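The structure presented is a predicted model; accordingly, all values stated were derived computationally and were not measured. Order of the sequence lines sets the chain letters (A, B, ...), proteins ahead of strands, with each chain counted from 1.
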There are 2 protein chains.
Amino acid sequence: MDRIALFNDYLHRQGLKNTSQRMAILERFLRSKSHYSTEDLYLKLRKDHPKIGYATVHRTLKLLAECGIAVELNFGDGQTRYEPVKADQHHDHLICTSCGKIIEFSEPRIENLQEQVARQHDFIIHSHRHELYGQCAKCAAENR
Amino acid sequence: MDRIALFNDYLHRQGLKNTSQRMAILERFLRSKSHYSTEDLYLKLRKDHPKIGYATVHRTLKLLAECGIAVELNFGDGQTRYEPVKADQHHDHLICTSCGKIIEFSEPRIENLQEQVARQHDFIIHSHRHELYGQCAKCAAENR
DNA sequence: AGTTTTCTGAAAGTCATTTTCAATTTCACT
DNA sequence: AGTGAAATTGAAAATGACTTTCAGAAAACT
């Protein structure tokens, strides 16, 4: 089942409706390579769909996060970003605080240790956030 | 050098001034055990210092974060929290999404792996954020 | 097709955070 | 100790991301 079908399915199960706006937003979102804020995606969408409002984009992104198609990211700059969940490929982020570049990484050994930690505290993990902030090679070289 | 001296030093270096408000806020903040939002700390302070305004608390917390006495925490609920940096004892957080309980943990093996990841990407880490969200034992038992 | 329910977009409302501004306080230098 | 430039303060207003409201429009069940 692809993600469009998955979304339709989710809508149906929740008694929600499939609308052209939701489909347009999902479709554009899935084509994204970067980490969109509501604002970003809203602006991108305006080119092809000038009638779609900001609130609808926002509401749809929340729906996508609810049904697992998107993850919400919070890098501490006061803006929530969304990124498509890549099937069975969880990853975390390295963020360059100079140029804003975002690098994705995944490290199963870290995931394992997380699980250990959670067990030690009788905790059941539902999700996590792991972000490394610093400087990428380019910025480190420039700001020397 | 204790943290009060450290703060004074920082203020001086930045051409800022040492005021009774800043000292009161720092002093109260250092006594805190939990993770205060600006609002939390402002309310606590009102007991002894009813004249200190919200904006001053907020501005001072930002200063404390700047000079490394406090760390900003963002648990994604739209409120920034601050916690005193404990000397040579970095830790991360387990957050119960049912009751809001916050458990601290530290796991040097995770820190090591982080460094490895950063090296692989030619990245220099300045700080990081690692949070595990889920249910604590108590909430898991209750919501059964 | 009709009816019920949900959606939508624009505008207004929230809420944490940030800025403004006039009055006050600090501090370097007499 | 006194002076004056510069920073600080608190209250209120502004900002900005996010959320809600509401009346008209669109979807989906019968």
**OP:** Evaluate the side-chain proximity of I125(B) to V117(B): yes if any heavy-atom separation is below 4.5 Å, no if none is.
**Re:** no
Original post:
Any side-chain N or O of Y54(B) under 4.0 Å from OP1/OP2 of dT17(C)?
Top reply: yes
**OP:** Take atom CD of Q79(B) and atom P of dC18(D), then tell me their distance rounded to the nearest Å.
**Re:** 15 Å
**OP:** Rounded to the nearest angstrom, tell me the gap between atom CZ in R81(A) and atom P in dA17(D).
**Re:** 11 Å
Original post:
Is the shortest distance from a Lys or Arg side-chain nitrogen in E66(A) or K62(A) to a carboxylate oxygen in the other one below 4.0 Å?
Top reply: no
**OP:** State whether T80(B) places a side-chain N or O below 4.0 Å from either non-bridging phosphate oxygen (OP1 or OP2) of dT17(C).
**Re:** yes
Original post:
Rounded to whole angstrom units, what separation is found between the CG atom of N8(A) and the P atom of dA28(D)?
Top reply: 9 Å
Original post:
For the hydrophobic clusters of this structure (ILVMFWY residues joined by side-chain heavy atoms under 4.5 Å, transitively), does one cluster hold both F7(B) and I52(B)?
Top reply: yes
Original post:
Would you say Q21(B) reaches dT8(D)'s phosphate, i.e. side-chain N/O to OP1/OP2 under 4.0 Å?
Top reply: no
Original post:
Is any side-chain N or O of R22(A) closer than 4.0 Å to OP1 or OP2 of dT8(C)?
Top reply: yes
**OP:** Rounded to the nearest angstrom, tell me the gap between atom CG in N74(A) and atom P in dT17(C).
**Re:** 12 Å
Original post:
Is there a side-chain contact between Y42(A) and R46(A) (heavy atoms, below 4.5 Å)?
Top reply: yes
Subject >> Interatomic distance where NZ belongs to K51(B) and P belongs to dA23(C) [whole Å] >> reply: 17 Å
**OP:** Specify the separation, in whole Å, of atom CZ of R46(A) and atom C1' of dG9(C).
**Re:** 12 Å
Distances under 3.5 Å between protein N/O atoms and the N/O atoms of nucleotides 20-25 of chain D, please, pair by pair.
from: dT21(D); atom 1: O4; to: R59(A); atom 2: NH1; distance (Å): 3.2

**OP:** Ignoring the backbone of T56(A), work out which of dT18(C), dA16(C), dT8(C) is nearest its side chain.
**Re:** dT8(C)
**OP:** Send over the distance from R13(A) CZ to dT6(C) P, rounded to a whole Å.
**Re:** 17 Å
Original post:
Considering all heavy atoms of both residues, which atom of L6(A) and which atom of C67(A) are nearest to each other, and what is their separation?
Top reply: CD2-O, 3.9 Å
Original post:
Under 4.5 Å between side-chain heavy atoms, hopping through other hydrophobics if needed: is there a path connecting F75(A) to Y82(B)?
Top reply: no
Subject >> Connected via hydrophobic side-chain network under 4.5 Å: Y133(B) and F123(A) >> reply: no
**OP:** Answer yes or no: is there an ion pair linking R13(A) with D9(A), defined by an N-O contact shorter than 4.0 Å?
**Re:** yes
Subject >> Rounded interatomic separation in angstrom, taking CG from L61(A) and C1' from dC18(D) >> reply: 12 Å
Subject >> Short side-chain to backbone donor-acceptor contact, R22(A) and K17(A), under 3.5 Å >> reply: yes
Subject >> Side-chain donor/acceptor of T97(B) to backbone N/O of G134(B), under 3.5 Å >> reply: yes
Original post:
If you look at every heavy atom in R3(B) and P84(B), which pair is closest and at what distance?
Top reply: NH1-CB, 4.0 Å
Original post:
Which of residues 24-42 of chain B have a heavy atom under 4.0 Å from DNA chain D?
Top reply: none
Identify all pairs in which a protein N or O lies below 3.5 Å from an N or O of nucleotides 27-29 of chain C, and state each distance.
from: dC27(C); atom 1: OP1; to: N18(B); atom 2: N; distance (Å): 3.1
from: dA28(C); atom 1: OP1; to: H12(B); atom 2: NE2; distance (Å): 3.4

Subject >> Test item: H35(B) and E104(B) side chains (from C-beta on) under 4.5 Å apart, heavy atoms >> reply: yes
